[in-house]
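The structure under discussion appears below in the form of structure tokens.
Below, each value reflects all heavy atoms present in this structure, side chains not excepted, and no hydrogens, waters or symmetry copies.
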Amino acid sequence: MPLTLVYAVLVWVAGGLPDNRMVWVPFGCMILSTYLMMELNNINVLIRIFSRMVSCSFLVLTAMSAMVFNDIQGGIVQLCMISFYMAFFQTYQDKTSPGWVFYAFFCLGLASLMFIQIVFFVPFLWIMLWRNMMALSWRNFWASIIGLIAPYWFVGAYCVISHQTDLFIGHFLSVAKFQPLFVYEHIDEHLIVTLVFILLLGITGSIHFLRNSFFDKIRTRLIYYVFMTMLFLSVIFIVLQPMHAQVLLRIMTISSSILIAHFIALTRTRLTNIAVILFMILALIITVYNLWIPSLLF
């Protein structure tokens, strides 16, 4: 973990951290997100052996995505999404946990301040609260609604006081703005390569987990199914609305880093060990590619 952290910091320095003030906020979000990923792993025992592979994988994949180093919006959304998971998983089999549900969806509401389209995930998260966490009740449902809108109580009051109600209303109206389906002309090859690689890691980790899930506890299996579902939904979202690909990459990174960490930490065969080495080499190549090779599209 310390070595991976040093590596990630050096990559961010190479990406312009000392000279570009716009990079400092995403960098701070990355550090906080890494710590929360470590806590998420510790609290929920995502890997059945002692391992820091979850946070290490997250650091490597985030450092690899050099195109997001200036993306304050994505950094905040990612931080809020990890915080959401930390509270969300505490509701397991507890239909009288409105506090945790409120905190989880409050984090989602904070993320929606930066990326309103995240509300499209809410119906699926309710389903996962019911099916995976087995915690959906009327009390928890209304707690999720209150948590989701709570950040807007403060933002709405500020906009009214500062006479910026048009900005407040426009934020909600933007959720209905859709780009024509399957228009990918504004996604450069750097983002495409990064998305494909992170998806490949997620699929590899998912297959490995599904084949070996009987070793894990039922609660752990249900948590992993949440990450698989969110990965799948993010890919569908990108396919339909590629204009949001850069932010959705952040949500994919969370799921894929956990899934591939399970694979790396627990795999033991000769073939999978070779695959791990190849993944590490590819991650380094893509990091260099994103840092120093200019886009051919623009």
Side-chain angles (χ1 to χ4, degrees), residues 25-26 29-30 33-34 36-37 40 57-85 88 104-105 107-128 148 171 174-206 224-260 283 286 290 295 297:
V25 174
C29 289
M30 184 271 292
S33 295
T34 302
L36 291 181
M37 289 290 282
L40 184 67
S57 299
F58 178 79
L59 276 171
V60 171
L61 294 185
T62 304
M64 181 186 72
S65 309
M67 76 289 297
V68 302
F69 285 4
N70 293 315
D71 184 15
I72 297 175
Q73 177 195 31
I76 295 174
V77 170
Q78 189 175 59
L79 181 61
C80 291
M81 201 67 203
I82 300 171
S83 302
F84 166 83
Y85 286 135
F88 187 72
F105 282 84
C107 294
L108 208 66
L110 288 176
S112 71
L113 293 175
M114 303 298 297
F115 179 57
I116 186 62
Q117 286 78 13
I118 204 169
V119 298
F120 290 126
F121 289 110
V122 171
F124 300 100
L125 292 170
W126 281 331
I127 294 173
M128 286 183 272
L148 193 62
H171 177 70
S174 64
V175 76
K177 293 180 180 179
F178 296 101
Q179 187 184 47
L181 297 179
F182 315 116
V183 177
Y184 306 104
E185 59 187 22
H186 296 297
I187 300 183
D188 66 15
E189 67 276 9
H190 287 268
L191 186 55
I192 292 173
V193 169
T194 306
L195 283 168
V196 170
F197 181 66
I198 289 178
L199 177 59
L200 174 63
L201 295 181
I203 293 173
T204 302
S206 297
Y224 271 86
Y225 295 152
V226 170
F227 291 125
M228 292 179 202
T229 304
M230 289 300 293
L231 178 65
F232 173 76
L233 292 175
S234 299
V235 172
I236 296 298
F237 200 158
I238 292 172
V239 170
L240 296 177
Q241 291 292 289
M243 63 187 293
H244 304 303
Q246 189 162 298
V247 179
L248 293 168
L249 170 67
R250 301 294 197 122
I251 298 175
M252 287 179 61
T253 300
I254 299 171
S255 296
S256 290
S257 61
I258 293 171
L259 291 167
I260 199 62
I286 294 174
N290 286 334
S295 172
L297 296 181

(message) Looking at every non-hydrogen atom in both residues, tell me the closest pair between Cys29 and Gly75 and how far apart they are.
(response) CB-O, 3.6 Å
(message) Do Leu201 and Leu259 have side chains that approach each other closer than 4.5 Å (heavy atoms only, starting at C-beta)?
(response) no
(request) Verify the neighbour count for atom CZ of Phe120: are there more than 12 heavy atoms of other residues, nucleotides or ligands below 6.0 Å? (result) yes
(request) Evaluate side chain to side chain contact (heavy atoms under 4.5 Å, CB included) for Gln117 paired with Val247, printing each intermediate quantity in order. (result) CA-CA 10 Å; Gln117 286 78 13; Val247 179; over 6 Å; no
(message) If you define the side chain from C-beta out and look only at heavy atoms, does anything of Ser234 sit under 4.5 Å from Phe121?
(response) yes
(message) Parallel, tilted or perpendicular, judged at 30° and 60°: which one describes the rings of Phe227 and Tyr224?
(response) perpendicular
(message) In the structure I gave you, are the side-chain heavy atoms of Ile251 and Phe237 within less than 4.5 Å of one another anywhere?
(response) no
(request) Would you name the heavy atoms of Ser206 and Met228 that are closest together and state the gap between them? (result) OG-CG, 3.6 Å
(message) Under a 3.5 Å distance rule, please check whether His171 uses its side chain to pair with a backbone N or O of Ser112 as donor and acceptor.
(response) yes
(request) Working to the nearest 0.5 Å, report the span between CG of Leu248 and CD of Gln78. (result) 12.0 Å
(message) Could you check whether any side-chain heavy atom of Leu36 comes within less than 4.5 Å of a side-chain heavy atom of Tyr85, counting everything from C-beta outward?
(response) no
(request) Determine, stepwise, if the pair Ile198 / Ser65 fulfils side chain to side chain contact (heavy atoms under 4.5 Å, CB included). (result) CA-CA 10 Å; Ile198 289 178; Ser65 309; 4.2 Å; yes
(request) Starting from the C-alpha separation in whole Å, work towards a yes-or-no answer on side chain to side chain contact (heavy atoms under 4.5 Å, CB included) for Leu59 and Met30. (result) CA-CA 8 Å; Leu59 276 171; Met30 184 271 292; 3.4 Å; yes
(request) Look up atom CG in Leu199 and atom CD1 in Ile238, then write down how far apart they are to the nearest 0.5 Å. (result) 8.5 Å
(message) Applying the side-chain contact (heavy atoms from CB on, under 4.5 Å) criterion to Phe115, which one of Val119, Ile118, Leu113 satisfies it?
(response) Ile118
(request) Could you walk me through whether Leu249 and Met67 pass the side chain to side chain contact (heavy atoms under 4.5 Å, CB included) test, one step at a time? (result) CA-CA 11 Å; Leu249 170 67; Met67 76 289 297; 4.1 Å; yes
(request) Any chance you could measure Thr62, atom OG1, to Ile254, atom CD1, to the nearest 0.5 Å? (result) 8.5 Å
(request) Look up atom CD in Gln73 and atom NE2 in His244, then write down how far apart they are to the nearest 0.5 Å. (result) 9.0 Å
(message) I need the minimum non-hydrogen distance between Ala283 and Val60, along with the two atoms involved.
(response) CB-CG1, 4.0 Å
(message) Testing the basics here: between Ile260 and Ser257, what is the closest heavy-atom pair and its distance to 0.1 Å?
(response) CG2-O, 3.5 Å
(message) Within the structure provided, determine whether Ile258 and Leu40 are in side-chain contact (heavy-atom separation under 4.5 Å).
(response) yes
(message) I need the minimum non-hydrogen distance between Leu125 and Phe88, along with the two atoms involved.
(response) O-CZ, 3.8 Å
(request) Check whether any side-chain heavy atom of Pro26 lies under 4.5 Å from a side-chain heavy atom of Asp71, and answer yes or no. (result) no
(message) Can you confirm whether Phe232 is buried at CZ, in the sense that more than 12 heavy atoms of other residues, nucleotides or ligands lie under 6.0 Å from that atom?
(response) no
(message) Determine whether a donor-acceptor pair (N or O, by modelled atom type, separation under 3.5 Å) exists between the side chain of Arg250 and the backbone of Val68.
(response) yes
(request) Check whether any side-chain heavy atom of Met81 sits under 4.5 Å from a side-chain heavy atom of Leu108, and report yes or no. (result) yes
